[in-house]
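Start at 1 and go down the list; that is how both ligands and their atoms are numbered. Because only heavy atoms are used, hydrogens play no part in the values below, and waters and symmetry mates are left out as well, while side chains stay in. Predicted model only: the values in this text are computed from it and were never measured.
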Amino acid sequence: MSLANGRPYLAIPGPSVMPEEVLRAMHRAAPNIYEGDLIEMTAGLIPDLRYVARSQGHVAIYIANGHGAWEAALANVIAPGERVLVPATGRFGHGWAEVAEGQGIAVEMLDFGKRTPVDLNRLEAALRADKTHKIKGILATHVDTSTSVRNDIAGMRAVLDAVGHPALLMADCIASLACDRFEMDTWGVDVMVAGSQKGLMVPPGLSFVFFSDKAADARRRMERVSRYWDWTNRADPQMFYQYFGGTAPTHHLFGLRAALDLIKTEGIEAIWTRHETLARAIWAACETWGQTGPLELNIADADLRSRAVTALRIGAPHGSALRQWVQDNAGVTLGIGLGMAEPGDPAWHGFFRIGHMGHVNAHMILGALGAIESGLIALDIPHGPGGMAAAARVIAGR
Ligand SMILES: *Cc1c(COP(=O)(O)O)cnc(C)c1O
């Protein structure tokens with residue numbers, strides 16, 4: 001007998017749960033890539049992607065995961081030998097920096113550790129120190145999925161403007177897009193990268209690079225950009241194949257169409273509010289459980305937390321034991337701790353994450369939390385009473 005039999009919930013921070021509408025849209029025979037539905041549908045994706053990004057700017061689509069979008073974004077605006085500034089707040093900030101290094105870009109690192117957001121004063125000092133404007137781009141992570149910290153992207157724009165520094169503001173919104181409020185144009189973001197498999201609710205395999213006119217100018221000044229990563233034709237195709245630099249990602253596009261329909265129907269503001277409320281329910285439960293015992297939210301200040309993912313510390317071996325228990329006994333798969341300790345280090349087993357991005361609602365979150373509370377009880381992990389009731393009060397609006 002297993003109480004896990006039934007519909008599983010993959011509560012990891014990407015890939016996220018796929019709506020039935022997305023799955024159904026993808027379940028079809030191979031379409032013609034020269035005429036018909038696919039061709040007619042694709043152009044219409046662009047304004048809807050802009051709607052999600054809150055941007056009137058340009059967008060290029062890549063058949064790639066988020067790592068591909070990182071590389072694509074850099075390839076268009078930062079030449080080998082040029083410099084970027086990377087304010088890192090977790091594993092993903094370091095990841096983008098490593099991709100830059102691989103492209104021969106000089107990386108200046110500002111490391112803010114694993115539990116705090118970017119300190120804008122330190123960012124300002126680094127930019128002021130760059131008197132000759134060697135720094136061409138700031139690689140900022142909006143939500144670092146490993147730590148679940150949420151950074152102040154608008155604040156970074158304000159710092160750039162106050163210093164009068166011309167560097168491009170480049171934001172990684174792979175975890176946050178369509179989960180946490182993000183306003184590309186209002187916040188003055190020049191380049192933004194996103195992936196299909198998180199807030200956009202589509203399988204991994206598509207990624208997006210949004211860019212401003214200022215970034216488009218920077219691209220035009222590049223001596224050369226590798227043909228495949230070049231965003232010029234992708235964002236302004238004269239022929240259909242140019243959207244994708246080759247064969248279209250046919251089924252992903254039908255899935256994306258269905259996902260964007262869901263997003264437009266719900267409305268981006270309502271989506272942000274739903275994520276906000278569900279996140280608060282999770283935090284209420286976790287804070288209550290943490291009143292006694294080892295459970296702790298990785299980011300102490302709620303204002304600095306992501307609404308898409310929550311990173312937790314619980315001490316080894318409880319993190320791994322709890323993940324295993326809820327998977328085997330309740331059909332909920334929680335995320336591993338990422339970048340908190342080295343794999344192989346016993347401390348690695350002391351972390352887990354809850355993904356709450358995209359196609360999630362109150363019953364899914366309450367179910368995941370109920371499974372966690374059951375696991376805490378079953379494994380004799382000390383915890384404060386009343387976590388589920390605290391979450392239920394948030395959902396009830398009391
Ligand atoms: C998931 C994620 C990535 C990496 O995306 P992949 O599709 O795994 O390459 C990068 N940055 C952030 C913030 C992410 O959440």
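Atom CD of Gln242 is surrounded by more than 12 heavy atoms from other residues, nucleotides or ligands within 6.0 Å. Other residues, nucleotides and ligands contribute over 12 non-hydrogen atoms within 6.0 Å of the CD atom of Glu269.
For the residue pair Thr310 and His356, a side-chain donor N or O sits within less than 3.5 Å of a side-chain acceptor on the partner.
Contacts classified as side chain to side chain donor-acceptor pair (under 3.5 Å) and involving residues 252-263 (residues at least two apart or in different chains) are given here: Asp48-Arg257, Arg257-Asp261.
When each of Leu177, Ile61, Ile263 is checked for a side-chain contact (heavy atoms from CB on, under 4.5 Å) with Leu49, only Ile61 meets the rule.
Ring to ring, Trp70 and His67 are close: their centroids are under 6.0 angstrom apart.
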One line per pair, note the atom names and distance for all nitrogen or oxygen contacts under 3.5 Å between ligand 1 and the protein.
from	atom 1	to	atom 2	distance (Å)
ligand 1	7 (O)	Gly66	N	2.8
ligand 1	7 (O)	Gln197	NE2	2.7
ligand 1	9 (O)	Asn65	OD1	3.4
ligand 1	9 (O)	Gly66	N	3.0
ligand 1	9 (O)	His67	N	2.8
ligand 1	9 (O)	His67	ND1	2.5
ligand 1	11 (N)	Asp172	OD2	2.7
ligand 1	15 (O)	Thr145	OG1	2.3
ligand 1	15 (O)	Lys198	NZ	2.7

